[in-house]
Colleague: 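Below you'll find the structure I mean.
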Amino acid sequence: AISVFPAAAAVDTRIVICGETFDQTLPAAVTPPNTLWANVWSSGFVAVYDGTCSLLWSYQFYGQDQNASTLITDVSIHVASGMEVVTYCGVSSNGNY
């Protein structure tokens, strides 16, 4: 999924994408590398760009269960008081870890 929060200046516009990845870490990640990664199970992610398509940050969703996967299926973004607010939903088989 993708969501756009438009602004007068391209650098103030926010674009967010979501999905799943099999990578251990993502560019500009604010989460540590997924050390449990086995290239078999997926982790969900969100990535935020500005209006010039520069990656600002990304976040990876994973749990401690090495046999589990996560997928972020929908995402929305807006800016309030200068802070990026990302709302998301998805599915996970990580259980109660």
Side-chain angles (χ1 to χ4, degrees):
I2 185 170
S3 176
V4 178
F5 182 81
V11 295
D12 295 326
T13 295
R14 292 297 178 263
I15 303 163
V16 63
I17 63 171
C18 70
E20 68 180 327
T21 181
F22 289 88
D23 291 334
Q24 184 177 21
T25 189
L26 298 174
V30 295
T31 46
N34 184 1
T35 56
L36 303 175
W37 174 79
N39 199 20
V40 176
W41 307 105
S42 66
S43 61
F45 77 90
V46 296
V48 176
Y49 297 81
D50 68 14
T52 67
C53 295
S54 294
L55 176 62
L56 302 177
W57 58 270
S58 64
Y59 189 95
Q60 211 166 353
F61 298 82
Y62 52 82
Q64 295 179 356
D65 186 348
Q66 294 183 24
N67 297 317
S69 60
T70 302
L71 169 64
I72 305 302
T73 58
D74 200 11
V75 68
S76 178
I77 189 167
H78 71 275
V79 178
S81 300
M83 297 193 62
E84 297 154 350
V85 180
V86 176
T87 306
Y88 61 90
C89 63
V91 295
S92 175
S93 62
N94 279 296
N96 193 17
Y97 286 90

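Position 1 is the first residue of the sequence, and the numbers go up from there.
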Colleague: Between L55 and V4, is there shared hydrophobic-cluster membership here, with clusters defined by ILVMFWY side-chain heavy atoms closer than 4.5 Å?
Modeller: yes
Colleague: Same hydrophobic cluster for F45 and V85, using side-chain heavy-atom links shorter than 4.5 Å among ILVMFWY?
Modeller: no
Colleague: Quick check: are there more than 12 heavy atoms from other residues, nucleotides or ligands sitting under 6.0 Å from CZ of F61?
Modeller: yes
Colleague: For A10, does its backbone N or O pair with a side-chain atom of T52 as donor and acceptor, under 3.5 Å?
Modeller: no
Colleague: Look only at the side chain of S42 and the backbone of T70, and say whether a donor-acceptor pair between them is shorter than 3.5 Å.
Modeller: yes
Colleague: Less than 4.5 Å apart, side chain to side chain, heavy atoms only: is that true for L56 and R14?
Modeller: yes
Colleague: Please say which of I15, V48, T87 ends up in a side chain to side chain contact (heavy atoms under 4.5 Å, CB included) with I77.
Modeller: V48
Colleague: Let's go through Q60 and S43 carefully: what are the C-alpha distance in whole Å and the side-chain angles of both, what is the deciding distance for side chain to side chain donor-acceptor pair (under 3.5 Å) to 0.1 Å, and is it a yes or a no?
Modeller: CA-CA 7 Å; Q60 211 166 353; S43 61; 2.8 Å; yes
Colleague: Around atom OH of Y59, are there more than 12 heavy atoms of other residues, nucleotides or ligands at under 6.0 Å?
Modeller: no
Colleague: Any chain of hydrophobic side-chain contacts (each under 4.5 Å) joining Y49 to I2?
Modeller: yes
Colleague: What's the shortest heavy-atom distance between D74 and A1, and which atoms?
Modeller: OD1-CB, 3.7 Å
Colleague: Determine the sole option in V46, T31, L26 for which the side chain to side chain contact (heavy atoms under 4.5 Å, CB included) test with W57 is passed.
Modeller: V46
Colleague: Could you see if V79 belongs to whatever hydrophobic cluster contains V16? Use Ile, Leu, Val, Met, Phe, Trp, Tyr and a side-chain cutoff under 4.5 Å.
Modeller: yes
Colleague: For the residue pair S58 and P27, what are the closest heavy atoms and their distance?
Modeller: OG-O, 2.7 Å
Colleague: Among T73, V75, I72, which residue satisfies the side chain to side chain contact (heavy atoms under 4.5 Å, CB included) criterion with C89?
Modeller: T73
